Amino acid sequence: MLENKNPSKTNISELGEFGLIDHLTKQFKISQKTTIKGIGDDAAVLVSEAKKQIVVTTDLLVEGVHFDLSYVPLKHLGYKAVVVNLSDVYAMNATAAQITVSIAVSNRFPIEALEELYAGIATASKVYNVDVVGGDTTSSTTGLIISITAIGYAKPEDIVYRNGAKENDLLVVTGDLGAAYLGLQVLEREKEVFKVNPNSQPDLEPYTYLIERQLKPEARKDITKLLTDLEVRPTAMIDISDGLSSEILHICTQSGVGCNLYEDKIPLDPQVISACEEFNLDSTTIALSGGEDYELLFTIGTEDFPKIKANPHLTIIGHISHKKEGTHLITRANTKIPLIARGWNSLQKEE
Ligand code: ADP
Ligand code: MG
């Protein structure tokens with residue numbers, strides 16, 4: 001589909017490296033007051049607001065490892081590549097302001113494909129209000145590689161690390177879990193169906209939320225503001241990119257504490273519950289280990305409980321205990337089982 005066999009598609013070599021960079025990046029305008037110089041010189045120049053610290057994070061996405069272009073539209077890929085980075089900035093309780101975008105592409109990609117990718121990047125940078133201030137462009141002999149770096153700012157006293165959770169703190173999660181993993185299962189299934197029968201018209205209506213969570217995830221920019229408005233400062237925070245259990249364990253290990261997580265409190269969308277029945281998967285396992293949900297997990301002192309208890313975006317799913325009590329899941333049947341971090345890969349193998 002992406003092979004450049006169509007004569008109406010323009011080969012990258014027609015523009016040359018500088019022409020290509022200019023073509024893709026001329027749409028980016030500077031809107032942040034912390035950006036002094038964006039694209040166009042040897043390096044971007046930024047300035048931090050007074051008394052703020054600078055937060056920097058990078059992600060690398062490799063075709064065939066992190067995404068499959070047979071069902072991921074390039075526009076969505078560009079959008080998602082930005083969002084997953086911004087999620088890490090928000091997980092520090094910081095405000096994101098700039099990104100850089102580096103790509104390695106093979107000549108099987110026509111310019112039109114890169115335009116799609118950059119349209120997604122541009123949309124995300126508008127939605128999240130960040131400037132694209134630089135990047136690098138090179139060729140690849142295999143697939144597409146995208147690396148994005150995000151830069152954010154926060155007052156030192158506002159930055160939330162993974163290591164601040166204290167005994168008796170409440171464990172809180174935003175949104176709901178498991179949908180992105182199930183969206184991937186639906187897309188993989190449709191890909192197989194399509195291989196057998198290219199004329200089949202899948203009915204994806206029952207899975208709209210799942211597919212959206214997989215293809216067009218959003219980062220929780222709203223939570224930084226919500227916490228400020230509620231005057232709640234989490235004691236620890238992390239974004240849920242690899243599944244709830246591994247992220248809870250990161251907080252517990254780094255904070256030197258234990259935890260009890262309650263199975264019946266884990267927030268699940270109705271589409272997650274019905275898709276789990278259909279795919280014969282356990283919804284708790286999916287929420288714990290599915291990954292790619294880009295929600296935030298944080299801990300708060302019990303004195304902050306009244307401020308968050310009625311909030312529809314936030315669910316209390318457990319509490320922090322003393323380190324010697326270990327890290328456990330309390331099941332619906334009220335049994336206590338050790339929490340284990342299982343990556344996405346081990347989940348695949350088990351099926
Ligand atoms: P250099 O040779 O110094 O690396 P380039 O010619 O690669 O410079 O880049 C020129 C400008 O375009 C720089 O500001 C760089 O940050 C920016 N740039 C290059 N590639 C990209 C890209 N893929 N996306 C966004 N900006 C880019
Ligand atoms: Mg360069």
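Atoms within each ligand, like the ligands themselves, are counted from 1 in listed order. Numbers here simply count residues along the sequence, with the first being 1. What's counted below: heavy atoms across the whole structure, side chains too, no hydrogens, waters or symmetry copies. Here the structure is a predicted model, which is why all the values come from computation and not from measurement.
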Find all atoms of ligand 1 within a distance of less than 4.0 Å from any non-hydrogen atom belonging to [X], and give their numbers and elements.
X      : value
Gly134 : 16 (O), 25 (C), 26 (N), 27 (C)
Phe18  : 6 (O)
Ile21  : 6 (O), 7 (O), 12 (O), 18 (N), 19 (C), 20 (N)
Thr25  : 24 (N), 25 (C), 26 (N)

Lys/Arg N to Asp/Glu carboxylate O, Arg332 vs Glu263, below 4.0 Å: yes
Taking 4.0 angstrom as the limit, do Arg213 and Glu295 come out as a salt bridge? yes
Below 3.5 angstrom, do we get any N/O pair linking Ile39 and ligand 1?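 No: no nitrogen or oxygen of Ile39 is under 3.5 Å from one in ligand 1.
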Taking N or O atoms only and a 3.5 Å limit, does Asp41 qualify as a polar contact for ligand 1?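 By distance alone, the answer is yes.
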Can a donor-acceptor pair be found between the side chains of [X] and [Y] at a distance below 3.5 Å?
X      : Y      : result
Thr235 : Asp169 : yes
Tyr161 : Gln254 : no
Ser200 : Asn197 : no
Asn260 : Ser321 : no
Glu188 : Tyr71  : yes

Checking contacts here: is it the side chain or the backbone of Thr137 that comes within 4.0 Å of ligand 1, counting heavy atoms only? Could be both or neither.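 It is both parts that get close, each with some atom under 4.0 Å.
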Quick one: look at Phe28 and ligand 1, take heavy-atom pairs under 4.0 Å, and tell me if it's side chain, backbone, both or neither. neither
Ignoring hydrogens, just give me the one of Ser147, Gly135, Ser102, Gly40 whose non-hydrogen atom is nearest atom 15 (C) of ligand 1. Gly135
